[in-house]
Each structure stands twice: as C-alpha cells, then as structure tokens.
Amino acid sequence: MSSKGLLRGASVSANAVWHRSSFFPKVTVSVHRKLFKFRSFSSTATTCSSLQPPDLPRLAKTAQISLTPNEVEEIAPKIQQVIDWLGQLQSVDLESVEPSIRAETENNLRENAPETFDHRDGMIASVPSYEEPYIKVPRVLSMD
Amino acid sequence: MASTIFRSLQVQPFLLYPTTLLRRRNGVFQFTTKATQSQAETQQRQPQSKVSTSTQSKKLDKIPKDYEAIIGIETHVQLSTLTKAFCGCPYSYGSPPNSSICPICMGLPGALPVLNSKVIEFAVKLGLALNCNLAFNSKFDRKQYFYPDLPKGYQISQFDVPIATAGFLDVDIPVEFGGGHKRFGITRVHMEEDAGKLLHAENGNYSQVDLNRAGVPLLEIVSEPDMRNGIEAAEYAAELQRLVRYLGVSNGNMQEGSLRCDVNVSIRPIGQSKFGTKVEIKNLNSFSSVGRAIDFEISRQVQLHSQGQEDQIVQETRLWEEGSQRTITMRKKEGLADYRYFPEPDLPAVILSQEYVDGIKNSLPELPEIKRRRYEQMGLSMQDVLFLANDKNIAEFFEATLAKGADPKLVANWIMSDIAAFMKNEKLTINEIKLTPEELSELIASIKGGTISGKIGKEILFELLAKGGTVKEIIEKKDLVQIVDPVEIETMVDKVIAENPKQLEQYRGGKTKLQGFFAGQVMKLSKGKANPGLLNKILLEKLNSKS
C-alpha cells in the first residue's frame with residue numbers, strides 16, 4: 001500500500017502523526033533540525049530508539065476532535081501501535097543517503113487556460129448553509 | 001533568526017519640511033535616517049539634539065536617539081495569472097461571489113490540485129529580479145489550521161524549501177526624505193494559495209464566505225529585518241510594487257488586495273545585540289499607512305521602554321486603525337501557532353532546469369533599479385529619474401521619444417510638467433493620450449530649430465495631447481511658423497510704437513518697464529508668432545534710438 005493510501009484511508013488522528021520529524025531521513029540538514037526544533041518529538045539518535053508517546057489531548061485539540069477521557073485511554077495505545085509500526089523506519093541507516101524531496105523527476109503542470117466547472121449548482125446545493133450568494137458560517141473572529 | 005546587516009542609527013534632526021506622509025501625534029516622535037552612498041559602512045552616531053515643533057516635553061525629544069527600530073516586512077503578492085494556482089477556475093477581482101469555483105478550490109473530497117505552470121514562471125521571474133538563489137528542487141507543504149475561509153482545512157504553501165532564498169532589493173529613498181540608496185535583504189520567496197474572503201454580517205451571529213479568491217496564487221516575499229523606520233519600509237513596499245508591475249506578474253494594487261503587507265516592528269537600545277520583542281502589524285492598506293503605522297508603533301514601544309515598562313511590549317498582532325491613526329491589540333494568542341507542516345502528498349516536487357531559468361532570465365525586462373541608474377547617467381536630476389522610472393509605461397514613452405533623437409532633459413521637462421498635468425486633469429494614463437513619442441520629439445526639434453517659439457509649442461502640445469495629429473499639420477493649419485524676418489518684425493514694432501505715443505513718452509521719461517507692454521502688443525499683432533529674442537532686440541533699438 002502506498003504511503004498516499006495510508007494517509008487517505010487512515011483516521012484523522014493517525015494522519016496527524018505524520019508531522020513527526022523522526023520519520024524524515026536521518027541525514028537531516030541542520031535546516032530541518034532548526035525548523036522542527038519546536039516539536040517535542042524530534043529524535044536525532046541514529047540507533048533505533050523508542051519514540052515518545054503521543055500527546056493525545058493535544059493531537060485531538062489541533063484536529064478539533066473532542067475526546068472523552070475514556071476515549072483518550074482507549075485510543076492512545078492504538079495510536080502508539082501505529083507509531084511503533086511506522087517507527088520501524090528508524091532502523092534504516094541513512095548516513096550515506098542524500099535527503100531527497102520527492103521521488104518524481106518530472107513536473108506535472110497545467111496550462112494557464114481558464115476552464116469553467118460545469119456543475120456549480122450541484123456543489124452549491126450540497127453546501128449545508130447557503131444564503132445566496134454567500135456560504136453562511138458561524139461567526140468566527142480568530143483562529144483560536 | 002537570519003543574520004541581519006547591522007546598521008547603527010544615525011539620527012538626523014527632524015527635518016522641518018511639511019510632509020503628508022508623516023504626521024505628528026502626541027507622544028510620537030518621528031526621525032529619519034540619513035542614507036549614505038555606501039551601505040557597507042556602518043554609520044556614525046551623531047548625538048545631535050533635536051528641534052521639535054510640537055508641544056511635547058523635552059524628555060520625549062531625547063528618546064528616539066537611544067533606540068533603534070528593527071523592521072521586517074512580509075508581503076503577499078497576488079499573481080495575475082488567468083487561472084487559479086491549482087485548478088482552472090478563472091479569477092477576476094470583483095466577480096459575483098462564489099461564481100468562480102470548482103471542487104478543487106472548494107476543497108471537496110477527492111479533488112486533487114494540479115499546479116499552474118504560470119505560477120512557477122512568475123515565481124522564478126520574481127526570484128531572479130530579487131537577486132535570489134533559486135531552489136532547483138522545491139516542494140509544497142500543507143499548512144494546517146481551521147478557519148471558515150480555508151476550504152481544505154489547510155493552505156498549500158512552501159515551508160522549508162522555498163523556491164527562492166537570500167536575495168536583495170535596491171531602493172532609492174525619495175528626495176524629500178533625504179534621498180540616497182539603500183539595500184534591503186530578502187530572506188525568501190515562496191509560492192502559496194490564497195484563502196477565500198470572509199465577511200462579517202452587520203447583525204447576527206453568522207459570517208459569510210466567498211470562495212472566488214480561494215486558490216488564487218500568491219508569492220510571499222519575506223524581507224530581512226533591515227528597515228529602520230517608516231519611510232524605508234514604505235519605500236521598500238513601493239519598490240516591490242514597481243517591480244511586480246514591471247515584471248508583469250501582478251498589478252500590485254494594495255486597494256484591491258493584490259499586494260498585502262504585514263510589518264514586524266521591534267526596538268532595542270542602541271548597542272544591544274539582542275533583539276527586542278517583535279510586534280506584528282496588520283491591516284495596512286496603503287504605503288503611507290505602512291509608514292505611519294511603523295512610526296507610531298516605534299514611538300509606542302519607545303515610550304514603554306523609556307518608562308521602564310518594556311515587559312508590556314508582548315509578542316502579538318496589532319491592527320492599524322486608520323481612523324484613529326494608532327495600532328490596537330487584537331486578541332492575544334497564547335504561544336506560537338502549530339501548523340503541523342508536512343509535505344503536500346498530492347503534489348510532485350517543483351523541478352527547474354538551467355535552460356528554463358536561463359530562458360526566463362534573458363526575457364526579464366530592464367528592472368527599475370537599473371533604469372534609474374541609466375537615467376541618472378543621462379544627467380537627469382534624481383527627481384526626474386524617480387518620476388520617469390516609476391511607471392513602466394511612462395519610461396517606455398520617455399525612451400521612445402529619446403530614440404527619435406530628442407534631448408533627455410527636454411523630454412523629461414515636457415513629460416513631467418505639461419504632459420503630466422494634462423494626464424492628471426483628464427484622468428488619463430500615458431497610453432491613453434493622443435500624443436505619440438514621435439510627435440513629442442518632432443515638437444522639441446521644431447522649437448530647437450526655431451520654427452516655432454516655446455510658447456506656441458505649448459499650444460501645439462495641448463492639441464496633440466487632446467486630439468493627436470502631427471506637429472507639421474498643426475503648424476501649417478494654424479499658420480504658426482515663427483516670424484524671424486527682422487524686416488517683418490520691424491514693421492510691426494514701428495506700427496505699435498506709432499499707435500502708442502503716450503506709452504512711448506512714459507518710456508522715454510524713465511519707465512523702462514513699459515518695454516514689456518510694447519513687446520506684448522507686438523506679440524498680439526503677430527498672433528504670437530514673433531520670435532521673442534528678435535522682437536526685444538529690435539524693440540529696444542527702436543525705443544532707445546529715437547530718444
């Protein structure tokens with residue numbers, strides 16, 4: 001199964017663990033280290049070390065999913081399992097490997113030519129709360 | 001934090017010419033730095049006492065001397081591609097809400113983004129123009145947060161591998177603010193998409209979202225914190241606008257939102273190496289607001305500092321209130337936002353080839369900075385240079401006229417005085433006036449060659465501007481050829497003198513100023529065609545000979 005499939009099919013919380021820098025190649029340039037310094041999970045050890053357990057309440061908050069304490073207890077070990085399973089990647093020695101950005105060697109680009117979407121009405125019809133010509137949403141003033 | 005080019009502040013006594021750009025406020029003390037020709041030299045600090053025209057206490061006068069402001073600007077430029085970044089929806093400002101949308105920019109499940117090739121081209125153009133290093137391999141990342149105008153719940157942006165880094169922009173400070181050249185560093189340029197528009201209903205507890213703008217390509221330009229005051233910041237922003245317009249990547253209208261600036265301001269006592277607390281200011285809608293907001297914020301921070309209350313300066317985002325001319329707190333956020341960046345799995349890497357980059361480099365137009373230097377070398381004054389090079393179209397008109405053989409100084413004068421005034425009155429751009437560069441050149445040549453007088457030239461210009469046509473046609477049609485035949489002029493002078501014996505008496509009696517009266521009468525008689533120099537020579541002879 002491609003990594004793309006994992007992302008798309010997996011639950012939101014599992015997707016959230018992708019941000020952990022430990023999954024990136026060990027030959028991280030100092031830029032990576034500097035940029036990820038605010039994450040508490042970054043690991044720079046070269047041997048296979050146990051990864052920190054996820055902060056589930058924080059994960060849930062950033063994903064805007066509310067969990068009861070029972071659910072936290074129930075889900076945490078499951079997430080830990082996913083992390084451990086992915087953590088197998090840490091045993092790979094990447095000392096002599098150049099970090100790469102992506103696997104592709106070609107761009108996949110589109111011409112700058114306008115195209116109108118045919119079924120606008122269908123999309124509008126599926127908007128839960130639409131007050132012509134705007135999408136109606138609860139009043140939100142900040143990102144918090 | 002990237003290393004900054006440290007310049008210590010050279011404080012200039014506040015220059016007392018009136019400006020609308022800077023306004024005095026209670027507690028606000030504006031100061032300007034005097035730019036030097038060489039940016040590499042650190043400037044000497046001159047502890048001069050200031051002359052204040054306000055009624056502030058003497059204490060405030062001393063404050064700005066001891067602090068320097070560190071200012072950085074983040075600019076978002078909306079690209080004028082026909083379509084959005086990741087889908088084929090067209091974008092045009094002012095369209096009916098939610099009229100240009102599709103599953104991709106609406107973030108509907110299953111939709112996949114595909115990058116618009118024009119976006120890369122514009123990004124490379126701008127990166128090269130800003131003297132940046134280009135990343136031949138860069139990627140997109142997801143910047144995740146929830147907000148009603150962000151359909152996917154994340155913004156496709158570039159996080160750790162932007163397409164361009166480590167550049168600079170050379171700027172000319174306007175003459176009225178001290179002049180001089182300054183170089184400001186550019187930390188990075190990266191591609192990203194815009195969010196939709198969120199409107200808050202007057203009443204009620206709901207808001208409204210228009211997704212026309214969602215997915216429009218943006219280039220974010222982050223500067224090094226090299227600016228030291230509001231004027232430098234405003235000029236940096238103005239030069240960016242000039243640049244994106246010259247390159248044709250954006251129309252750079254702050255009013256439309258196609259050029260947006262957020263500034264970061266902090267202060268520190270001079271000599272301290274540690275940076276002070278950084279405050280971000282949003283809601284700046286014009287270059288003058290940029291300048292004023294920064295100056296206000298500097299003085300606000302300086303005041304707190306000098307009162308021993310620097311802990312009251314917190315890292316926050318403040319809004320600039322145009323009405324009350326001050327910055328006010330938005331809700332303070334706790335801690336930094338966690339955007340959980342990760343590489344966008346739905347998009348491949350962005351790969352540039354040397355040929356591609358070279359192709360774009362060779363197609364770059366002459367940049368404003370280079371143009372200004374070239375105009376300077378023609379012997380034009382800085383004022384002329386800044387005006388002519390400001391607008392690409394005016395520069396083109398100017399250069400087209402020069403190409404026909406006209407003298408730069410003369411062309412500059414015509415453009416900046418009569419032509420500019422006409423454009424302003426009629427609210428026309430230089431591309432809309434009927435005057436062509438060829439005819440302007442012809443006009444200048446005609447005056448220089450003596451065919452017509454300068455005054456007649458102005459009249460002809462007006463007709464050319466309004467109705468077009470050629471100089472030769474108008475001269476013929478209106479019989480405007482200058483009279484340079486001394487005999488003809490002499491005849492007219494004799495006539496005027498004969499018809500005005502009283503004034504002649506007065507002149508002979510000592511009122512030599514009346515020469516002007518006689519000259520005017522001859523001019524009238526000749527329908528303005530008499531050559532002024534010749535006229536006055538002959539007139540003087542006649543007036544003085546008979547005495």
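Labels below follow one simple rule: chain letters A, B, ... track the order of the sequence lines, proteins then strands, and each chain is numbered from 1.
Using a 4.5 Å cut-off between heavy atoms, B:Leu108 touches chain A through its side chain atoms alone. The contact between A:Glu131 and chain B is made entirely by side chain atoms (from C-beta outward), counting heavy-atom distances below 4.5 Å. Only the backbone of B:Ala85 comes within contact range of chain A, with at least one heavy atom under 4.5 Å from a heavy atom of that chain. Interface residue B:Ile120: only side-chain heavy atoms are found under 4.5 Å from chain A. Contact of B:Lys84 with chain A is made through the backbone alone, with heavy-atom distances under 4.5 Å.
With hydrogens and angles ignored, the 3.5 Å screen pairs a side-chain donor or acceptor of A:Arg110 with a backbone N or O of B:Cys87. Using a distance-only test at 3.5 Å, with no hydrogens or angles considered, no donor-acceptor pair links the side chain of B:Arg340 to the main chain of A:Ala63.
Taking 4.5 Å as the limit, every side-chain heavy atom of A:Asn107 sits out of range of all side-chain heavy atoms of B:Leu115. Looking at heavy atoms from C-beta onward, B:Pro348 lies in side-chain contact with A:Asn108 at the 4.5 angstrom threshold. Taking 4.5 Å as the limit, every side-chain heavy atom of A:Arg139 sits out of range of all side-chain heavy atoms of B:Tyr206. Side chains of A:Ile135 and B:Met106 form a contact here, defined as non-hydrogen atoms less than 4.5 Å apart. Residues A:Tyr130 and B:Asn98 form a side-chain contact, since some pair of their non-hydrogen atoms from C-beta on lies under 4.5 Å apart. Taking the side chain as every heavy atom from C-beta outward, B:Leu198 and A:Val137 approach each other to under 4.5 Å.
For the options B:Asp210, B:Val350, B:Asn205, B:Val119, heavy-atom pairs under 4.5 Å to chain A are most numerous at B:Asn205. Between chain A and the options B:Gly153, B:Gly196, B:Ser99, heavy-atom pairs under 4.5 Å are most frequent for B:Ser99. The choice from B:Asn137, B:Ile104, B:Ile101, B:Leu199 that makes the most heavy-atom pairs within less than 4.5 Å of chain A is B:Ile101. Taking B:Ala201, B:Pro103, B:Ser138, B:Cys89 one by one and counting their heavy-atom pairs under 4.5 Å with chain A, the maximum is reached by B:Pro103. Considering only heavy-atom pairs separated by less than 4.5 Å from chain A, the leading option among B:Ser117, B:Pro148, B:Pro96 is B:Ser117.
Closest approach of B:Pro90 and A:Glu115 over heavy atoms only: CD-O, 4.1 Å.
We find the SG-CG distance between B:Cys102 and A:Asp118 to be 11.0 Å, quoted to the nearest 0.5 Å. A:Glu111 contributes atom CD, which lies 9.5 Å from atom OG1 of B:Thr83 (distance to the nearest 0.5 angstrom).
The environment of CD in A:Glu71 is crowded: more than 12 heavy-atom neighbours from other residues, nucleotides or ligands sit within 6.0 Å.
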